[in-house]
Amino acid sequence: MGPLHVVWFKRDLRCADHHPLLEASRHGPVLPLYVVEPEYWQQPDSSARQWQFCRESLLELRACLERLGQPLVVRCGRVEQVLERAHRQFGIAALWSHEETGNGWTYARDLRLAAWARQHAIAWHEIPQFGVTRRLAQRQGWARRWEGRMAETQAPEPMGLVPLAGLDPGPIPSAEDLKLEPDPCPGRQRGGRSEGLALLQSFLAERSRRYQAELSSPSTAALSCSRLSPHLSWGTLSLREVVQHSRQRRAGLSDAPGDRRWHRSLQRFDERLHWHCHFIQKLESQPSLEFRELHPLTAELRHSDPERLAAWATGHTGLPFVDACMRSLLATGWLNFRMRAMLMSVASYQLWLPWRESGLHLARLFVDYEPGIHWSQCQMQSGTTGINTIRIYNPLKQGLDHDAQGQFIRRWLPELRQVPAVYLHQPWTMDPATQQRVGCVLGESYPLPIVDWAAVAASARERIWGLREQEGFGAMADAIQHRHGSRRSGLKRSSSRAKATRQVTAGQLSLDLA
């Protein structure tokens, strides 16, 4: 047997529509490899809940590859060291993988691996997985290229893989083996391609019918949203197959009134599939936005406050709807897009916390953590991009709009279950006698608000707008808009937006395919 073609699986844990796997199988014997990198799993944006989803997906991927002839080989360590051993043992003809736009750690890792491959004269074939363009000079025509990628024919599974005799597939470690911090998440979605396909089928067959009407409330979104985001983030499904199946479903709807509404829901879902890659492209083009403010004049705007951060992170701010959303996220690893944006907005404006600190906490909680989307959204919601409308969420209004009867609050805040509806969204308005009667003494059973949220929001708005009116801010913002702004949406130049009316708004801008 000659040298092997190594297919390095990363966040693309599937056999179907996997171009690196297909192409490698056409060139010779294939070593399908996943490297568990303990150093990656110790990064501050990684968590056990993410690994557990990944591990379940790896188990199913191994079974799929075994049916094709050669099970997935799993090794632990630094990837270049694992490949060095494989090269000495078998010889590596070429390395095949998908392109990855990951966090700063994976970016540095890929640079090391590229140097290793050059040193050993091994060709590394990286194939695009999403609609993200490497070494993009400018955004003009980006949407057209995205459409071209999504229209490509899906790659079939290889006809078969040559078994590699005597090669131990290796164990897939547990979270305990990796020494990850305990991370209970009883409502977490399970990993694996079969889970993703079942969600895609149920969403397109029925659940998407009310997607547009129900995606904003955390109560209804859990059912009516696709819930495909972790499967796209970990690659058990390809974005291309989701786009194509969604459009086929939309094309098959009738002209009946109910189907026309359904058509609009699927059209809105399709728009979010565009935005998925739009945001990842930002991190691909400027990796530093994970760590540094996109607009330089917003740097060091906020300062750490461990007490506020802890209250927000555990769902004990004294703002019921905010706390219910955080506790729901802690327990399930998922939250709908609007509530993600609200949590980040409250951390950034009402609590005036640095976006990087609050962003890391959310990154660990999201099973569907996608660095490009996540860090772009963290900066957008905290007002550090310099090009997006300032959106300061009103947590009371959000609760009344999306949980008017308080079912969501009562579910996730058991200490407030007996509080009368008239007080539920503002328990601090209860008189002492009522607090005693319902068994919810503020400051004991449930905290008083840690800030006067309306006053601090007004102060934050003035500080942000004051910053935007500084000399030179607009010119820098225009340069950022030219580099990162959507050409598809027809956004105006940032300097003109900076003159817009100041307002506290309950707008929506988090697009994590929730």
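Looking at heavy atoms from C-beta onward, Glu290 lies in side-chain contact with Asn103 at the 4.5 angstrom threshold. In this structure, Val36 and Trp51 have side chains that are in contact, with non-hydrogen atoms separated by less than 4.5 Å. Using a 4.5 Å cut-off on side-chain heavy atoms (C-beta onward), Arg272 and Phe337 make contact. The closest side-chain heavy-atom distance from Arg78 to Val82 is not below 4.5 Å. At least one side-chain heavy atom of His276 sits less than 4.5 Å from a side-chain heavy atom of Ile373. Using a 4.5 Å cut-off on side-chain heavy atoms (C-beta onward), Phe473 and Leu467 make contact. Side-chain atoms of His295 and Thr385, non-hydrogen and from C-beta on, never get closer than 4.5 Å to each other. Within the 4.5 Å cutoff, side-chain heavy atoms of Leu199 are placed close to those of Gln189.
The cationic group of Arg149 does not satisfy the cation-pi geometry with Trp146, failing either the under 6.0 Å distance to the six-membered ring centre or the 45° limit from the ring axis. A cation-pi contact links Arg302 to Tyr349, judged by a cut-off of 6.0 Å to the six-membered ring centre and 45° from its axis. Under the 6.0 Å distance and 45° angle rule, Arg356 counts as a cation-pi partner of Trp375. In this structure, Arg227 is positioned above the aromatic face of Trp334, its NZ or CZ under 6.0 Å from the six-membered ring centre and within 45° of the axis.
Of all heavy-atom pairs spanning Leu232 and Leu237, the tightest one is CD2-O, 4.0 Å. Between Glu195 and Gly191, the shortest heavy-atom distance links the atoms CG-O, 3.5 Å. Across all their heavy atoms, Ser285 and His484 have their closest contact at CB-CE1, 4.2 Å. What you find for Gly102 and Leu283 is that their closest heavy atoms are O-CD2, 3.4 Å. Nearest heavy-atom pair, Cys185 versus Gly333, reported as atom, atom and distance to 0.1 Å: SG-N, 3.5 Å. Residues Leu95 and Leu113 come closest through the heavy atom pair CD2-CD2, 3.9 Å.
Other residues, nucleotides and ligands contribute over 12 non-hydrogen atoms within 6.0 Å of the CZ atom of Arg134. When the shell of 6.0 Å around CZ of Arg292 is examined, it contains 12 or fewer heavy atoms from other residues, nucleotides or ligands. Atom CD of Glu181 has 12 or fewer neighbouring heavy atoms from other residues, nucleotides or ligands inside a 6.0 Å radius.
Aromatic ring centres of Tyr211 and Phe269: separated by under 6.0 Å. Note: His361 and Trp312 meet the aromatic proximity criterion, with ring centroids under 6.0 Å apart. Checked against a 6.0 Å centroid threshold, the rings of His18 and His98 count as neighbours. Close placement of the Trp96 and His27 rings is indicated, their centers lying within 6.0 Å of each other. Ring centroids of Phe53 and His231 are separated by less than 6.0 Å, placing the two rings close together.
Remark: Ile387 CD1 to Arg468 CZ distance equals 9.0 Å, nearest 0.5 Å. Annotation: the span from Ser46 atom OG to Leu178 atom CG amounts to 10.5 Å, rounded to 0.5 Å. To the nearest 0.5 Å, the span separating CZ on Arg190 from CD on Glu60 amounts to 9.5 Å.
Under a 3.5 Å cut-off, the side chain of Asn336 and the backbone N or O of Leu215 do form a donor-acceptor pair. Side-chain N or O atoms of Gln281 include one that pairs as donor or acceptor with a backbone N or O of Thr133 at under 3.5 Å. One N or O on the side chain of Gln244 and one on the backbone of Glu152 form a donor-acceptor pair closer than 3.5 Å. Between the side chain of Ser47 and the backbone N or O of Arg364, at least one donor-acceptor pair lies under 3.5 Å. Panel note: side chain Arg11, backbone Gly235; no donor-acceptor pair is recorded below 3.5 Å. Put simply, the side chain of Gln377 never gets that close to the backbone of Ala341: no donor and acceptor are under 3.5 Å apart. Using a distance-only test at 3.5 Å, with no hydrogens or angles considered, no donor-acceptor pair links the side chain of Lys282 to the main chain of Ser376. In this structure, Ser57 contributes its side chain and Gly192 its backbone to a donor-acceptor pair below 3.5 Å.
His245 and Arg250 are not linked by any side-chain donor-acceptor pair at a separation below 3.5 angstrom, with hydrogens and angles left out of the test. Side-chain atoms of Gln154 and Arg240 form no donor-acceptor pair, as typed in the model, at a separation below 3.5 Å. A donor and an acceptor atom, one from each side chain of Thr236 and Arg14, are nowhere located under 3.5 Å apart. Side-chain polar atoms of Trp355 and Glu293 form a donor-acceptor pair below 3.5 angstrom. Defined by atom type and a distance below 3.5 Å, a donor-acceptor pair is missing between the side-chain atoms of Ser345 and Gln381.
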